[in-house]
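All remarks here apply to the structure that follows.
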There are 2 protein chains.
Amino acid sequence: MAAKLLVVEDEPAVREMISFVLKQSDYDTLEAEDAEEARAHLAEQVPDLILMDWMLPGMSGVEFTRELKQDAATRDIPVIMLTARGEEDDKVRGLECGAEDYVTKPFSPRELAARIKAILRRVAPHATEEMVEVGGLQLDPTSYRVSVGSQEVDLGPTEFRLLHFFMTHMDKVYSRSRLLDRVWGSNVFIEERTVDVHIRRLRKALEPYGVDGLVQTVRGAGYRFSERQVAR
Amino acid sequence: MAAKLLVVEDEPAVREMISFVLKQSDYDTLEAEDAEEARAHLAEQVPDLILMDWMLPGMSGVEFTRELKQDAATRDIPVIMLTARGEEDDKVRGLECGAEDYVTKPFSPRELAARIKAILRRVAPHATEEMVEVGGLQLDPTSYRVSVGSQEVDLGPTEFRLLHFFMTHMDKVYSRSRLLDRVWGSNVFIEERTVDVHIRRLRKALEPYGVDGLVQTVRGAGYRFSERQVAR
DNA sequence: GGTGCATGTAATCAAATTGTAATAGTGGTT
DNA sequence: AACCACTATTACAATTTGATTACATGCACC
């Protein structure tokens, strides 16, 4: 559930430091020392964000970022560029290649964490670990708890993820295939109808607390999570 | 009371970074950007260890260290010198002035923590920590004792650390891999399933006192320590 | 060298979860 | 009313995941 970040940095001490800071801020980290190793990671799993050193042996961070922005599979992953002091003039070029933000080394852990959080909130709100509350329903990603008032709701892992996704993406219809992408993960080979079943399971779990009406069916389009009641 | 460390470093980002790493290792930190500010802190309280940047505006770290070593009140505080890469030749001079150790920037958090720990173990064998209490369960880090009321609970070292970690990180789910990181230490090569076994041992030890329900399993996510009962 | 404790791994068992398929139901249209 | 497309619900088997136990190794202390 915690956001997964990929750190691409050749200097081991710096990489370890960044990774350490991120872990303390409850992110999961993957590490790579160059573009090649990073590609290997990306082929396996798509992180929520990439921290990319400006200077890399072989292909530079800028070139690599540009490459990522051209591939549909990685285009949407936000990139934060790490530049050394004095390379600040290159800021413009860094952002030009498609990076979301840049941070100059040495950086303070608070600053780094803040920038990451800001970006994640924008592009992947469900990865921020913040408590969500909708219509009396509370979900706390940190403790993995869902409750209505003081009553705890019992959910399976998939229903939990599904609910979390919905709660962080209110009032928008998602098709089954889109839900499979966002909740199950891209490139999974699963029947679309399976989504129906999990929707059912989620509704059933919410039913005793009278909040199952939040999960709404939009015929022909998909599902939606909304506080506004549907006309009957 | 955790050990108190004084960080003397003029670059704010680096100072914050060091401070951050130390706090995660459960140290208290004081910060100073130059010799003058450091003296002000020292006049008030004597830290257990000083991390000193080699280069400081005004009086250099070396000079300042020498000064400290001449004052009876501060003579016994161990000093770790921070040098930038390339200044390594100065290592000798650094140690000459009385520093116990030196670390070159950039450094890995593990390395820094390890060196600090080594020195503190030698110099201040009892950097005492605070007693924790949750739901009738008491844990005293200094005496390595766990008790429920007047009854003592018998725990192995690993279970003790695990419990201590849990008690100081309540209501939050930790995956097996994260527990390995935080309780066993980073980068240990241990099977994730091993965590299960230690959880089991911990629960078994707590069972006779009726507090084993505090250790909760969150399917698909990890384990959690919480006073709130699980819904079932 | 022996003993006992602590620890990590592997094997086994039990239970929860998951995806699919089959069937029933719904709503809208002609 | 019959039909069609789509969704809801249920049952089920396979898979995953966690609990528990037994075992081998390593280490400290006799």
Side-chain angles (χ1 to χ4, degrees), chain A residues 1 144 146 152-166 173-181 183-208 212-225 230-232, chain B residues 144 146 152-166 173-208 212-225 230-232:
Chain A
M1 197 83 300
Y144 260 82
V146 179
E152 196 137 330
V153 183
D154 189 33
L155 289 180
T158 304
E159 283 70 56
F160 183 89
R161 270 182 290 137
L162 183 58
L163 178 60
H164 191 197
F165 176 79
F166 271 138
V173 179
Y174 290 92
S175 68
R176 293 176 175 70
S177 118
R178 198 124 197 84
L179 283 173
L180 282 175
D181 266 10
V183 179
W184 275 255
S186 19
N187 321 341
V188 281
F189 164 58
I190 290 178
E191 283 299 318
E192 292 208 347
R193 293 273 131 237
T194 298
V195 175
D196 295 31
V197 179
H198 283 279
I199 289 281
R200 160 69 177 146
R201 287 171 181 155
L202 177 57
R203 280 177 175 154
K204 200 181 211 163
L206 296 180
E207 206 175 4
D212 55 315
L214 295 168
V215 182
Q216 305 169 356
T217 304
V218 181
R219 206 181 163 77
Y223 297 95
R224 173 179 58 197
F225 195 77
V230 256
R232 275 276 155 205
Chain B
Y144 244 65
V146 179
E152 191 134 335
V153 183
D154 186 35
L155 286 182
T158 304
E159 283 71 54
F160 181 87
R161 286 202 313 276
L162 184 58
L163 179 61
H164 189 199
F165 176 79
F166 271 139
V173 174
Y174 290 90
S175 66
R176 293 175 175 70
S177 119
R178 188 140 300 171
L179 283 173
L180 283 175
D181 267 10
R182 308 278 311 240
V183 179
W184 275 255
S186 313
N187 310 349
V188 280
F189 168 58
I190 291 179
E191 284 298 318
E192 293 208 344
R193 294 268 133 243
T194 298
V195 175
D196 295 30
V197 179
H198 284 279
I199 288 280
R200 161 70 176 144
R201 288 170 181 156
L202 176 56
R203 279 178 175 154
K204 201 180 210 163
L206 296 179
E207 205 175 5
D212 56 313
L214 295 169
V215 182
Q216 306 171 354
T217 303
V218 180
R219 205 153 229 276
Y223 296 96
R224 173 177 60 195
F225 195 77
V230 253
R232 269 299 150 193

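All heavy atoms count here, side chains included; hydrogens, waters and symmetry mates do not. Please read all numbers here as calculations on a predicted model, not as lab measurements. A, B, ... follow the sequence lines: proteins, then strands. Residue 1 opens every chain.
Within the nucleic acid shown, B:T158 comes within 4.0 Å of sugar-phosphate atoms alone, with no base atom in reach, counting heavy atoms only. B:E159 comes within contact range of the sugar-phosphate backbone alone, with a heavy-atom separation under 4.0 Å but no base atom that close. Using a 4.0 Å heavy-atom cutoff across all strands shown, B:Y223 reaches sugar-phosphate atoms only and no base atom.
Across A:R203 and A:Q216, no two heavy atoms sit closer than the pair NH2-C, 3.7 Å.
In this structure, B:E192 places its CD atom 16 Å from P of D:dT16, rounding to the nearest Å. If you take CH2 of A:W184 and P of C:dT20, they are 11 Å apart, rounded to a whole angstrom. Here the P atom of nucleotide D:dT17 and the CD atom of B:E191 are 15 Å apart, to the nearest Å. A straight line from CD1 of B:I190 to C1' of D:dG26 spans 14 Å, rounded to a whole angstrom. With rounding to whole Å, A:R176 atom CZ is found 14 Å from C:dT20 atom P.
Counting atom types as modelled, B:R193 pairs no side-chain N or O with a base atom of C:dT9 as donor and acceptor under 3.5 Å.
Checking each of A:H198, A:H164, A:R201 against A:E159 for a side-chain hydrogen bond (donor to acceptor under 3.5 Å, both in side chains) leaves exactly one that passes, namely A:H198. Checked options A:V218, A:L202, A:V173, A:D196; the residue passing with A:Y223 is A:D196 (criterion: side-chain contact (heavy atoms from CB on, under 4.5 Å)).
For the pair A:T194 and C:dT18, the criterion of a side-chain N or O lying under 4.0 Å from OP1 or OP2 is not met.
Note that OH of B:Y174 and CG of B:L162 are 12.0 Å apart. Values are rounded to the nearest 0.5 Å. With rounding to the nearest 0.5 angstrom, the CZ atom of B:R219 is 16.0 Å from the CZ atom of A:F160. In this structure, CG in B:L179 is found 9.5 Å from CD in B:E192, a value given to the nearest 0.5 Å.
For the pair A:V218 and A:K204, nearest-nucleotide mapping onto DNA chain D gives the more 5' position to A:V218. Where B:R219 and B:D154 meet DNA chain C, the nucleotide closest to each residue was compared, and B:D154 sits on the side nearer the 5' end.
Of the residues in residues 195-203 of chain B, those lying under 4.0 Å from DNA chain D by heavy-atom distance are B:D196, B:V197, B:R200, B:R203.
Put simply, the side chain of A:R161 gets close to the backbone of A:V183: a donor and an acceptor are under 3.5 Å apart.
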